[in-house]
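One structure is given below, encoded as structure tokens.
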Amino acid sequence: MYVIVVGGGDVGHYLGKQLLDEGHEVLVIEKDARKCEHIEEELGDICLCGEASEIAILEKGGITRAEMVIAVTGEDEDNLAACQIAKQKFNVPRVIARINVPRNEKIFAKLGIECVVDAVYLVSEHIKAETMLFPLTRLFSIKDKGLEIVLVRVGKNSPAVGKPIGELSLPLGSVVSSVISHGEESQIPTVNTVLREGDQLICLVSTENIDLFQAIFRGS
Amino acid sequence: MGCGRIGAELAHLLDVEGHKVTVIDVDNASFDELPPDFSGMAFLGDATDEEVLRKAGMEQADVFVAVTRDDELNAMAAQIAKQIFDVPKVLCRIYDPLREDFYSGLGVEAISPTRVFVRLLKERLEG
């Protein structure tokens with residue numbers, strides 16, 4: 001597949017390499033000549049130096065035959081412009097934008113760019129998971145299905161302590177797929193698995209039920 | 001939005017004509033461009049932030065003009081004004097002449113200074 005990556009910073013560089021490794025044809029558009037040079041030293045002749053929201057640059061980069069445009073610069077307005085032009089002017093079938101300011105997710109959606117990856121949110125959630133200070137962290141969102149894969153911790157004195165999973169009033173459609181107890185192998189639970197304080201659970205839950213779900217495991 | 005030379009001059013002219021004008025910029029020092037007798041409001045903040053715009057009175061605005069040096073920022077703010085706040089008239093500066101038509105198609109009036117200036121030069125040469 002021909003993929004255009006907009007932005008040759010750390011994310012664009014890494015993503016470009018991964019796409020090449022998978023056998024895709026990749027072009028990285030980056031305005032900073034030094035960054036282009038750095039990428040080309042490692043990955044070969046795959047960079048175009050210029051502003052990816054300029055129509056002439058996109059045309060030079062073969063946008064008309066691109067099947068995907070991924071905009072991952074650190075500037076949300078640049079990612080929006082590149083994605084809008086790719087999608088609305090050149091009919092690129094799939095566009096994905098990185099956003100660096102969480103509030104922009106809604107704005108991008110209203111302006112026609114639905115597929116966004118929120119960098120701040122993702123990093124924060126993963127750090128939250130590592131700290132073990134939060135009852136619930138969101139590991140992955142399946143946005144178009146309204147589902148989330150979450151990591152929850154059974155808090156001290158939470159309603160779930162000492163109960164088998166089958167007796168918890170989990171919101172409909174939730175699945176507990178793995179239970180990790182301290183110092184033990186992780187296990188695939190049954191309805192009879194009894195939860196202990198500090199257990200970590202990997203679960204699938206619908207986005208609208210996250211708060212309900214969290215309340216069951218939150219300690220006091 | 002954007003209190004550089006163009007933004008400040010436009011704000012001044014509209015202010016003199018008696019319009020109610022608010023200038024938004026992320027740089028406090030940029031407001032020095034405004035004349036001392038400017039009677040409008042100078043609002044410090046990011047004009048791509050809905051909350052900032054709301055506080056700056058965007059819901060009552062009849063016109064929004066984006067004239068920072070950054071095409072992409074102008075385009076984004078202008079679209080927020082049009083699509084989210086439903087401002088009746090939205091203008092933005094887009095240096096790239098090829099993109100002028102694209103953004104005009106999205107409901108905001110984009111003006112390319114490059115194109116305007118070239119036209120002006122040509123007219124002078126021919127005149």
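On a predicted model such as this, the values are computed, not experimentally measured, just so you know.
- Counting non-hydrogen atoms of neighbouring residues, nucleotides and ligands closer than 6.0 angstrom, the NZ atom of K17(A) reaches no more than 12 such neighbours.
- Around atom NZ of K156(A), no more than 12 heavy atoms belonging to other residues, nucleotides or ligands sit under 6.0 Å away.
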Quiz item: Are E77(A) and D70(B) close enough, and set up right, to give a side chain to side chain contact (heavy atoms under 4.5 Å, CB included), and what steps lead you there?
Solution: CA-CA 9 Å; E77(A) 59 272 17; D70(B) 185 332; 3.8 Å; yes

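- Atom CD of E42(A) sits in a crowded spot, with more than 12 heavy atoms from other residues, nucleotides or ligands closer than 6.0 Å.
- Heavy-atom neighbours of R69(B) CZ from other residues, nucleotides or ligands within 6.0 Å: at or below the threshold of 12.
- Contact annotation for L80(A): only side-chain heavy atoms (C-beta onward) come within less than 4.5 Å of a heavy atom of chain B.
- Remark: Y121(A) OH is packed, more than 12 non-hydrogen atoms of other residues, nucleotides or ligands lying under 6.0 Å away.
- Top candidate by heavy-atom pairs under 4.5 Å with chain A, chosen from Q83(B), E72(B), M76(B), is E72(B).
- Contacts between residues 95-113 of chain A and chain B, defined by a heavy-atom separation under 4.5 Å, are made by R103(A), N104(A), I107(A), F108(A), K110(A), L111(A).
- Within the 4.5 angstrom heavy-atom criterion, atoms from both the backbone and the side chain of L73(B) approach chain A.
- Residues of residues 93-113 of chain B that come closer than 4.5 Å to chain A, counting heavy atoms only, are D96(B), L98(B), R99(B), F102(B), Y103(B), L106(B), ordered by residue number.
- Open room surrounds CG on L172(A); 12 or fewer heavy atoms of other groups in view lie less than 6.0 Å from it.
- For the options D78(A), N79(A), D76(A), heavy-atom pairs under 4.5 Å to chain B are most numerous at D78(A).
- Surrounding CG of D27(B) are more than 12 heavy atoms belonging to other residues, nucleotides or ligands, all under 6.0 Å away.
- Both the backbone and the side chain of Q88(A) have a heavy atom closer than 4.5 Å to some heavy atom of chain B.
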